[in-house]
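Note: hydrogens, waters and symmetry copies are ignored here, and every other heavy atom, side chains too, is used. Numbers restart at 1 for each chain; the letters A, B, ... are given by sequence-line order, proteins then strands.
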Amino acid sequence: MTHLKIASWNINSVRARSHIVERFLLEEAPDILCLQETKAHNDVFPRGFFEKLGYVHQALNGQKMHHGVATLSRVPLEEDLRHDWQDNGEARHVGVRVAGQFRLENVYVPAGGDIPDRNENPKFGQKLDFIDRMTRWGEDLREPTLIVGDFNIAPLECDVWNHKQLLKVVSHTPIEVETLERFRQSHDWVDLGRKFIPAPERCYTWWSYRSKDWTANDRGRRLDHMWASPELAPQVTRHQVHEPCRSWEKPSDHVPLVVDLAL
DNA sequence: ATGGCTGGTAGAACCAGA
């Protein structure tokens, strides 16, 4: 029996966050770290920084300025793939196979802009189309898979600090929730967050930078997720949201998620 | 009080995040 610990974190610039990434890797020691919003082209990605910490296997999909994902691992990775589910060249996905046993898909779903209307705001349409393409991919998926990342959607009423107030706010609109639910059904994905922290228990992974004290009103949303194929889900033995990271020095606005997998 | 902040890049009275 092998155990693997896998973490996912929207880091909001990998280069601006090395102090807290190092602290997290030393304290939590995941075998694999999936980062989103690295904001670094592959040419300037801090490969050596992660190699020194033991994460010598690296699958990168970065671009200049925005977006970007990276999967850093102590165990060998095979067959890295990069899907462009938005069909516009943005770097938002990298997928690998781990230990010859399962696929690990690292995804950064587009935020979708401010206005929840695809006619007034093309970015909102691109977000929905991204998830539709991901859904078609999921329908054909035959391997045990863990898909992790920033989905930029808080699906349940208890995934936001105020359901009624956020119904018209991008990330919690009914059309986004329905679109994400169709994706979930395409492969019978198991939402590990809610398997381990059942609704309606409070569970957030993101708090805005604009509040002086993120803990004061606790206006969070659960935007980051780890979903498992139905055959893989029973092998997940633990799931954690590392909320204290939101108070670390110069934090990301998202906190890391961690699962333990018994293989 | 859902933008009050933050990072990247340029050298902005910028863009994007969500």
Side-chain angles (χ1 to χ4, degrees), chain A residues 8-21 35-46 49 60-70 86 88-93 106-118 120-131 149-177 179-180 193 203-225 241 243 245-257:
Chain A
S8 174
W9 198 359
N10 178 320
I11 200 63
N12 184 17
S13 171
V14 66
R15 288 174 291 174
R17 232 53 86 184
S18 54
H19 56 297
I20 58 170
V21 171
L35 296 176
Q36 302 88 38
E37 234 186 320
T38 54
K39 294 187 174 179
H41 191 279
N42 294 353
D43 293 345
V44 296
F45 189 91
F49 169 81
L60 308 182
N61 187 12
Q63 67 178 81
K64 195 176 175 182
M65 279 188 80
H66 299 303
H67 324 307
V69 292
Q86 203 175 196
N88 69 352
E90 291 180 356
R92 295 181 173 277
H93 167 268
N106 177 2
V107 65
Y108 176 43
V109 176
D114 286 327
I115 304 164
D117 180 329
R118 68 159 69 231
E120 286 182 63
N121 166 28
K123 284 184 186 172
F124 190 71
Q126 287 177 336
K127 178 180 195 174
L128 300 177
D129 295 345
F130 183 104
I131 298 167
D150 179 359
F151 291 11
N152 266 319
I153 295 175
L156 305 180
E157 293 189 17
C158 56
D159 289 335
V160 294
W161 63 277
N162 186 321
H163 167 62
K164 280 186 182 164
Q165 216 167 310
L166 285 162
L167 275 171
K168 290 181 179 170
V169 174
V170 173
S171 74
H172 193 60
T173 64
I175 189 167
E176 290 171 275
V177 171
T179 303
L180 186 63
C203 179
Y204 306 139
T205 68
W206 174 88
W207 295 260
S208 171
Y209 279 128
R210 300 195 189 214
S211 169
K212 268 182 202 146
D213 177 4
W214 69 281
T215 61
N217 298 311
D218 194 26
R219 296 188 164 180
R221 305 179 200 169
R222 188 171 73 104
L223 301 178
D224 302 272
H225 300 276
V241 179
E243 226 173 277
C245 294
R246 188 63 180 78
S247 289
W248 288 1
E249 190 191 351
K250 268 189 79 183
S252 169
D253 44 356
H254 296 252
V255 296
L257 309 184

With distance as the sole criterion, do the side chain of A/Arg219 and the base of B/dG3 form a donor-acceptor contact below 3.5 Å?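 There is none.
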Quick check: any donor-acceptor pair below 3.5 Å linking the side-chain of A/Asp114 to the base of B/dA18?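 Per atom types, the contact qualifies.
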By the definition side chain to side chain contact (heavy atoms under 4.5 Å, CB included), identify the one residue from A/His163, A/Gln165, A/Arg222 that meets it with A/His172.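 Exactly one pass, corresponding to A/His163.
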Using a cut-off of less than 4.0 Å, is there contact between a side-chain N or O of [X] and OP1 or OP2 of [N]?
{"X": "A/Lys127", "N": "B/dA18", "result": "no"}
{"X": "A/Arg221", "N": "B/dT2", "result": "no"}
{"X": "A/Lys250", "N": "B/dC5", "result": "no"}

Just by distance, do the side chain of A/His67 and the backbone of A/Arg92 share a donor-acceptor pair under 3.5 Å?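 Not at all, since once roles are kept as given, no pair shorter than 3.5 Å links the two residues.
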Whole-Å [atom1] distance, [N] and [M]:
{"N": "B/dG4", "M": "B/dT9", "atom1": "P", "answer": "24 Å"}
{"N": "B/dT2", "M": "B/dA16", "atom1": "C1'", "answer": "16 Å"}
{"N": "B/dA10", "M": "B/dC15", "atom1": "P", "answer": "15 Å"}

As an exercise, state the distance from OG1 of A/Thr38 to CZ of A/Phe45, rounded to the nearest 0.5 Å.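 Output value for this atom pair is 6.0 Å.
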Tell me whether A/Asp253 is salt-bridged to A/Arg246, with the criterion being a basic N under 4.0 Å from an acidic carboxylate O.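 Not counted as a salt bridge, because no side-chain N and carboxylate O are separated by less than 4.0 Å.
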Candidates B/dG17, B/dG7, B/dA18 - which lies nearest the side chain of A/Ser13: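 So the nucleotide nearest the side chain must be B/dG7.
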